[in-house]
Amino acid sequence: MPSEFSRIHYEEVTSTNDLCKEEHKKSSTITVITADKQTQGRGRSNKAWASPKGNVSFSFGFTSSGLIDGLSVKAGLTVAKTISKSLRRPVQLKWPNDLIFESKKVGGILVEAENVEEKFILVIGIGINFSIVPKEGHWGDLNIDNYELKEKFISELIKNLLKDIVDDPSPDWHREWNEYCVHLNQEVELENNEAYVFKGVNNLGRMIGEKSSQTYEISESSLKVKGLY
Ligand code: BTN
C-alpha cells in the first residue's frame, strides 16, 4: 500500500482543490490539502460551497494513468464509513455523493481532473459540516466542535482513501455503497423530473433505476428524494 503523502494545512485558501492541483504538479507524491476556511469553495454543478471555519475542507490529489469511473461515488463510501466509524455518526449516502445525517446534507464531494501530458491529476475534494450550519435551512452538521477529534478523523480519512482508492479498487465496493444508501428501493426523481425506483449503484458508480419493470443505468443527475432536505 502506498503510504507516502504530503499534507499542507492552511488557515484560509480560495479552494483546497485548486491548491491541491497546483501542489501536486510540483511533486508526484500524493497531496493532501486542508484548510480552516475557503473563500471560493465550489460544489457540483458550479454551485458555491460555503466553507466557514469549523467545517472540514479537504482535498486529496494523486496521479492516475486514466480517469476512474465512479470515483466520486466510491470516495463518498469511504468518507461515510470513516465518519460512521471514527466519529460515531451514522452517516448515509444519497446518490451520487451527498453525505446525509438526520435527513440533512452534511457534506459533499467534488472530483476534478486535469490532463497533464499522458496522465491525469485527480483531485477528490471533500467538504463536511462539522459544527457550523450554513444559512440555508436544509443543511445540517455533525455537531462536532473538537479539534483533536477532527484531526484524528482527517488522519483516518487519508489512510482509508489510500487503501480504498489508490491501493485497491475492490470490484465489490458498490454492494457496500448500497448498504449505506439512504434511499435504496425508494422512488427518486431525476433533474429532468423522471421518476424511478432506486435499485442501487453498479461498479461504475451509475444509478440503477427501475420503471415499469425495466431497469435503466443513469450516469449523471442530482436526485430529489421524499423526506430528505
Ligand atoms: C457538492 O456540491 O456536494 C460537493 C461539495 C464539495 C466541496 C469541497 S470542500 C473541499 C473542496 N474544495 C472545493 O472548492 N470544493 C471541495
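Being a predicted model, the structure only gives us computed values, none of them experimental. As the structure lists them, so they are numbered: ligands from 1, and atoms in each ligand from 1.
Counting atoms of ligand 1 from 1 in the listed order, those under 4.0 Å from a heavy atom of Gly43 are 1 (C), 2 (O), 4 (C), 5 (C). Of all the atoms in ligand 1, the ones that sit under 4.0 Å from a non-hydrogen atom of Ser15 are 12 (N), 13 (C), 14 (O). Close contacts between ligand 1 and Asn17 involve ligand atoms 11 (C), 12 (N) [criterion: under 4.0 Å to a heavy atom]. Ligand 1 places these atoms under 4.0 Å from at least one heavy atom of Phe58: 10 (C).
The protein heavy atom nearest to atom 2 (O) of ligand 1 is Arg44 N, 2.7 Å. Protein heavy atom closest to atom 3 (O) of ligand 1, with residue, atom name and distance, is Lys105 NZ, 2.7 Å. The single protein non-hydrogen atom nearest to atom 5 (C) of ligand 1 is Trp49 CE3, 3.3 Å, given as residue, atom name and distance. Looking from atom 8 (C) of ligand 1 to the surrounding protein, the closest heavy atom is Gly127 N, 3.6 Å. Scanning the protein for heavy atoms near atom 10 (C) of ligand 1, the closest one is Thr16 OG1, 3.2 Å. Residue, atom and distance of the protein heavy atom nearest to atom 15 (N) of ligand 1 are Arg42 O, 2.7 Å.
Of the N and O atoms on the side chains of Thr34 and Arg7, at least one donor lies less than 3.5 Å from an acceptor on the other residue. Using modelled atom types and a 3.5 Å distance limit, the side chains of Thr16 and Gln38 yield a donor-acceptor pair. Side-chain N/O atoms of Thr78 and Asn160 include no donor and acceptor closer than 3.5 Å.
The side-chain heavy atoms of Val197 and Lys211, taken from C-beta on, include no pair separated by under 4.5 Å.
Taking the centre of each ring, Phe130 and Phe153 come in below the 6.0 Å mark.
Of all heavy-atom pairs spanning Leu122 and Ala113, the tightest one is CD2-CB, 3.6 Å.
In the hydrophobic cluster analysis, where Ile, Leu, Val, Met, Phe, Trp and Tyr join through side-chain heavy atoms closer than 4.5 angstrom, Trp173 is grouped apart from Ile208. No single ILVMFWY cluster, assembled from side-chain heavy atoms under 4.5 Å apart, contains both Tyr10 and Leu157. Both Leu161 and Leu67 belong to a common hydrophobic cluster when Ile, Leu, Val, Met, Phe, Trp and Tyr are linked at side-chain heavy-atom distances under 4.5 angstrom. Phe101 and Val182 fall within a single hydrophobic cluster, where Ile, Leu, Val, Met, Phe, Trp and Tyr are joined by side-chain heavy atoms under 4.5 Å apart, directly or via other members.
At a 4.0 Å heavy-atom cut-off, ligand 1 does not touch Asp18 at all. Using a 4.0 Å cut-off between heavy atoms, Gln38 contacts ligand 1 through its side chain alone, with no backbone atom that close. Residue-level proximity to ligand 1 for Asn97 is absent, since no heavy atom of it falls below 4.0 angstrom.
For Gly41, the closest heavy-atom approach to ligand 1 falls below 4.0 Å.
Note: no N/O pair closer than 3.5 Å links Ser59 and ligand 1 by distance alone.
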